[in-house]
2 protein chains.
Amino acid sequence: MNADALRGHLDALLLSVLEHEPRHGYAIIEALRDRSGGVLDLPTGTIYPALRRLERAGFLASEWATVGGRRRRTYRLTGAGRAELAGERSAWTSFTSVIGSVLNPSR
Amino acid sequence: MNADALRGHLDALLLSVLEHEPRHGYAIIEALRDRSGGVLDLPTGTIYPALRRLERAGFLASEWATVGGRRRRTYRLTGAGRAELAGERSAWTSFTSVIGSVLNPSR
DNA sequence: GTCTACATGTAGGCTCTCTATATGTAGCCA
DNA sequence: TGGCTACATATAGAGAGCCTACATGTAGAC
């Protein structure tokens, strides 16, 4: 998976993974790996800054917890985050449609 | 269309538009606009550097022509460019599949 | 006591796309 | 003649985001 290809789509992935349950960073990385069949194995240097960016934007909220002696910062979707996710899903659909129509024009 | 979303996919678009006929930069911009139904209206500052980059990479070759008193640099796909296009198409398919499976998991 | 898994974080680099600007021709219209 | 629009190419610099590399620490297995 080329790094640039992901650009601009990571936010949607993160919001999507947090849609039904809050998760901490490490668990998010695992969830992305699972859902993608092992293809998406994103480095911490990508995930953690992105989560902070999304929180700063108001799409996520976080709180600290300690589980088994380890500190976790657990993120959950805010209302704005849910709206953003809906927008991202719709943007993804039209994006694939547009690129697809250029890449494989039907005529 | 968000600028970041395009990242890493522009090369595929350019190669695709040049697949069946050589074109010069200005005509490539028009072709992209047409094929995308007007959504993709890319600035010259995006297209021209990208074309040079693809030529430097060996995927395109160019030659100058003068038509109606105006100078054009016409680009065509090289053999390596055709191979690259095939790879990009396949990468696009798996990319959409992966992102799609994360965004809308079936379970 | 060492190794792996779990867990979070930052600094700096790299690359690509966009904005803004520059230059020039051809044709239309007033 | 002068101005406007379409045609045509090009570059400098900005901005943004993802990655690499590094730093730090706990828990449990062997």
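Naming convention: chains lettered A, B, ... in sequence-line order (proteins, then strands); numbering from 1 in each chain.
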From D:dT11, C:dA7, D:dT9, nucleotide with atom closest to A:His24 side chain: C:dA7

N-O pairing of A:Glu84 and A:Arg82 below 4.0 Å: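 Salt bridge absent between A:Glu84 and A:Arg82.
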
Pairing of A:Arg89 and A:Glu19 as salt bridge, 4.0 angstrom limit: yes

Without decimals, in angstroms, what is the distance between [X] [atom1] and [N] [atom2]?
{"X": "B:Leu32", "N": "C:dC18", "atom1": "CG", "atom2": "P", "value": "11 Å"}
{"X": "B:Arg33", "N": "D:dC7", "atom1": "CZ", "atom2": "C1'", "value": "12 Å"}
{"X": "A:Ile47", "N": "D:dC18", "atom1": "CD1", "atom2": "P", "value": "9 Å"}
{"X": "A:Tyr26", "N": "D:dA27", "atom1": "OH", "atom2": "C1'", "value": "12 Å"}
{"X": "A:Ile28", "N": "C:dA7", "atom1": "CD1", "atom2": "P", "value": "12 Å"}
{"X": "B:Leu42", "N": "D:dT9", "atom1": "CG", "atom2": "P", "value": "15 Å"}
{"X": "A:Arg23", "N": "C:dC6", "atom1": "CZ", "atom2": "P", "value": "15 Å"}
{"X": "A:Ile29", "N": "C:dT8", "atom1": "CD1", "atom2": "P", "value": "8 Å"}

Closest-nucleotide ordering on DNA chain D, the 5'-leading residue of A:Gly8 and A:Gly68: A:Gly8

Within the pair [X] and [N], is there a side-chain N or O less than 4.0 Å away from OP1 or OP2?
{"X": "B:Tyr48", "N": "D:dA10", "answer": "no"}
{"X": "A:Arg52", "N": "C:dT8", "answer": "no"}
{"X": "B:Arg53", "N": "C:dT15", "answer": "no"}
{"X": "A:Arg72", "N": "C:dA7", "answer": "yes"}
{"X": "A:Arg7", "N": "C:dT17", "answer": "no"}

First of B:Leu6 and A:Val67 reached from the 5' end of DNA chain C, by closest nucleotide: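 Looking at DNA chain C, the more 5' nearest nucleotide goes with A:Val67.
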
4.5 Å side-chain heavy-atom contact, B:Arg52 and B:Arg73: yes

Donor-acceptor pair under 3.5 Å, A:Arg70 side chain vs C:dC6 base: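 Check passes, donor-acceptor contact within cut-off.
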
hbond_proxy B:Thr44 side chain to D:dA10 base (donor-acceptor, 3.5 Å cutoff):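 Answer yes: a donor N or O sits under 3.5 Å from an acceptor.
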
Ring geometry between B:Phe95 and A:His9 (parallel below 30°, tilted from 30 to 60°, perpendicular above 60°): perpendicular

Sugar-phosphate only, base, or nothing, as touched by B:Gly45 at under 4.0 Å among non-hydrogen atoms: base

Short side-chain to backbone donor-acceptor contact, A:Arg76 and A:Pro22, under 3.5 Å: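 It does not hold such a pair.
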
